[in-house]
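Reviewing the structure listed below.
None of these values were measured; they are calculated from a predicted model.
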Amino acid sequence: RSSDLEARVKEERERAAHYLDPSTEVPVAQVLERELITAHMQTIVEMENSGVVFMLKNERIDDLSCMFKLLDRVSDGLQVMVGCTSKHLRELGSGLVKDDESEGSAGKNAITYIQSLLDLREQYGRFLSDAFQSSKVFARAIGSDFEHFINLNTKSPEYLSLFVDDKLKKGTKGMTEQEIEAVLDRCMILFRYLQEKDVFERYYKQHLAKRLLFNKSASDAEKNMISRLKTECGCQFTTKLEGMFKDMVLSNSTMDDFRNHLQKTVNTLDGVDLSVRVLTTGCWPVHAPPVNCNIPSQALRAFECFKRFYINAHTGRQLTLQSHMGFADLHAQFYPGSAKEQPNEGASAGSSGIKKHILQVTSFQMCILMLFNRRDAWNFEVLSISALRGLDDSF
């Protein structure tokens with residue numbers, strides 16, 4: 001064992017110091033290191049129950065540190081230890097990312113996948129600092145190994161973005177702001193290993209857009225994450241992301257001005273509580289809607305009122321309604337006999353037996369549901385013509 005070898009070398013050096021001429025201590029030590037370490041270092045690191053792999057699997061920090069100091073005495077000793085460590089790490093990491101690609105694997109969950117990589121990186125970070133004395137040789141090897149196997153899975157950029165999305169959503173339970181920041185710092189370590197950072201950016205932009213538009217963004221953490229990406233990749237990488245935040249601030253200001261305008265003109269918008277986000281073309285991952293949406297007249301009149309107000313305030317600009325990106329809160333009343341379920345949380349029932357619900361739906365779903373104010377039942381073909389032109393079976 002490495003600890004036994006260390007003890008033998010120490011004993012011989014002490015004997016040389018006590019009983020021999022001082023000039024012989026260095027040559028004696030060199031002979032010992034050559035015969036006890038150099039000649040057997042491959043065997044030392046590969047021993048089944050006391051070698052490097054055994055120590056790594058069982059997190060034997062002290063033993064790893066002892067072996068590191070022992071092999072650091074001789075030429076190419078650390079290279080042998082690095083090689084063994086690197087081989088084991090690549091096997092672990094490759095198995096982890098390939099498990100994700102296997103059918104029916106639990107690793108397909110993006111959160112589990114990235115968390116496993118973070119745990120592995122944290123573990124080898126401890127080995128590097130506590131056992132390998134933050135050696136640059138080991139640091140380069142560990143970084144190279146992670147870069148190798150994380151890019152074996154083409155979904156790694158998407159999964160990392162999904163993991164960050166999960167942590168940045170407002171109301172993340174069980175985590176303090178400091179804990180979220182710590183997790184994001186660790187995520188940036190994995191981000192540096194990604195070769196296709198542009199793929200990460202594409203997914204991150206989509207996930208950020210949903211967080212911002214659906215008001216699920218924890219703004220401080222979001223801005224700090226953007227700062228990390230900007231520091232890592234430069235201004236060009238985050239220009240559009242920063243533009244999205246700017247649009248949200250300007251939209252809030254515009255809506256305040258619009259509400260003041262409604263008060264001055266005594267316009268109630270027929271009871272519609274309208275909220276509009278004005279998005280700059282090119283900054284947001286906005287695509288043409290898959291189908292044409294026939295917005296209910298009450299909601300459409302409210303939007304047209306806002307559009308006239310905005311165009312008058314910003315001459316030369318154009319507004320295009322992205323109905324597939326919107327959502328609505330519908331106040332619904334279910335009369336006795338129209339539904340079988342009992343009142344539940346979020347619902348109320350009056351003395352007349354009418355059940356009241358607030359339904360949070362997409363714009364498309366709103367178009368469908370509003371049609372049931374006209375009649376109780378619809379033929380699907382007629383419904384599709386009335387609500388969504390070009391509706392397909394996947395809706």
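Each side chain to side chain donor-acceptor pair (under 3.5 Å) pair with one or both residues in residues 254-264, not counting sequence neighbours, would appear here, but there are none.
F127 is linked by a ring pair (Phe, Tyr, Trp, His ring centres under 6.0 Å) to Y124, counting only residues two or more places apart in sequence or in another chain. Here F214 pairs with F327 under the ring pair (Phe, Tyr, Trp, His ring centres under 6.0 Å) rule; sequence neighbours left out. Annotation: ring pair (Phe, Tyr, Trp, His ring centres under 6.0 Å) contacts of F149 (sequence neighbours excluded): F146.
Remark: side-chain polar atoms of E158 are not paired, donor with acceptor, to backbone N or O of K155 under 3.5 angstrom. Of the possible donor and acceptor atoms, one in the side chain of N312 sits under 3.5 Å from a partner among the backbone N and O of R308. Counting only distance, with no hydrogens or angles, the side chain of N151 and the backbone of E147 share a donor-acceptor pair below 3.5 Å. Listed for the N58 side chain is a donor-acceptor partner under 3.5 Å among the backbone atoms of F54. Put simply, the side chain of T238 never gets that close to the backbone of L241: no donor and acceptor are under 3.5 Å apart. Between the side chain of S50 and the main chain of M47, no donor-acceptor pair closer than 3.5 Å is present. For the pair T280 (side chain) and C283 (backbone), a donor-acceptor distance under 3.5 Å is absent.
Shown are L269, L262, L274; of these, the side-chain contact (heavy atoms from CB on, under 4.5 Å) with F306 is made only by L274.
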For residues 180-188, run the donor-acceptor check on the side chains, cut-off 3.5 Å, and write out each pair with its distance to 0.1 Å, sequence neighbours left out.
from : atom 1 : to   : atom 2 : distance (Å)
E181 : OE1    : R228 : NH1    : 3.2
E181 : OE1    : R228 : NH2    : 2.5
E181 : OE2    : N224 : ND2    : 2.9
D185 : OD1    : R228 : NE     : 2.7
D185 : OD1    : R228 : NH2    : 3.1
R186 : NH2    : L118 : O      : 3.3
R186 : NH2    : E122 : OE1    : 3.4

Hey, can you pull the donor-acceptor pairs under 3.5 Å for the side chains in residues 82-97, sequence neighbours left out?
from : atom 1 : to   : atom 2 : distance (Å)
T85  : OG1    : M81  : O      : 2.9
S86  : OG     : D145 : OD1    : 2.7
S86  : OG     : D145 : OD2    : 2.9
R90  : NE     : D145 : OD1    : 2.7
R90  : NH2    : S144 : OG     : 3.4
R90  : NH2    : D145 : OD1    : 3.4
S94  : OG     : R90  : O      : 2.7

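When side chains are defined from C-beta on, V45 counts as touching L71, because their heavy atoms get closer than 4.5 Å. Two residues are said to be in side-chain contact when any heavy atoms from C-beta on lie closer than 4.5 Å; Y204 and H207 fail this criterion. Looking only at side-chain heavy atoms (C-beta outward), M325 and L279 come within less than 4.5 Å of each other. The side-chain heavy atoms of I368 and F364, taken from C-beta on, include no pair separated by under 4.5 Å. Considering only heavy atoms from C-beta on, K210 stays 4.5 Å or farther from L213 through its side chain.
Ring-plane geometry between F138 and F132 is classed as parallel, the angle between the planes falling under 30 degrees on a 0 to 90 degree scale with a further cut at 60.
Residues R202 and D198 are not paired through a salt bridge, judged by the lack of any N-O separation under 4.0 Å between the basic side chain and the carboxylate. Salt-bridge annotation for D247 and R277: absent, with no side-chain N of the basic residue lying under 4.0 Å from a carboxylate O of the acidic one. Checked for salt-bridge contact, E242 and K230 meet the test: a charged N lies under 4.0 Å from a carboxylate O.
Judged by the 6.0 Å distance and 45° axis criteria, K167 is positioned over the aromatic ring of F163. For the pair K197 and F191, the cation sits on the ring face: its NZ or CZ lies under 6.0 Å from the ring centre, inside 45° of the axis.
Residues L190 and V164 share a single hydrophobic cluster, defined by chaining ILVMFWY side chains whose heavy atoms lie under 4.5 Å apart. Hydrophobic clustering of Ile, Leu, Val, Met, Phe, Trp and Tyr side chains at less than 4.5 Å, counting indirect connections, keeps V199 apart from F237. A single hydrophobic cluster is not seen to contain both L250 and M255; linkage of ILVMFWY side chains at heavy-atom distances under 4.5 Å, directly or through other members, places them apart.
Within 6.0 Å of CD in Q360 there are 12 or fewer heavy atoms belonging to other residues, nucleotides or ligands.
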Begin with the C-alpha distance, continue with both residues' side-chain angles, and end with the deciding distance and a verdict on salt bridge (charged side-chain N to carboxylate O under 4.0 Å, His left out) for R126 and E59. CA-CA 9 Å; R126 289 197 305 271; E59 299 194 34; 3.2 Å; yes

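At a cut-off of 3.5 Å, with distance as the only test, a side-chain donor of Q115 or D119 sits close to an acceptor on the other residue.
Ring pair F334/H357: centre-to-centre distance below 6.0 Å.
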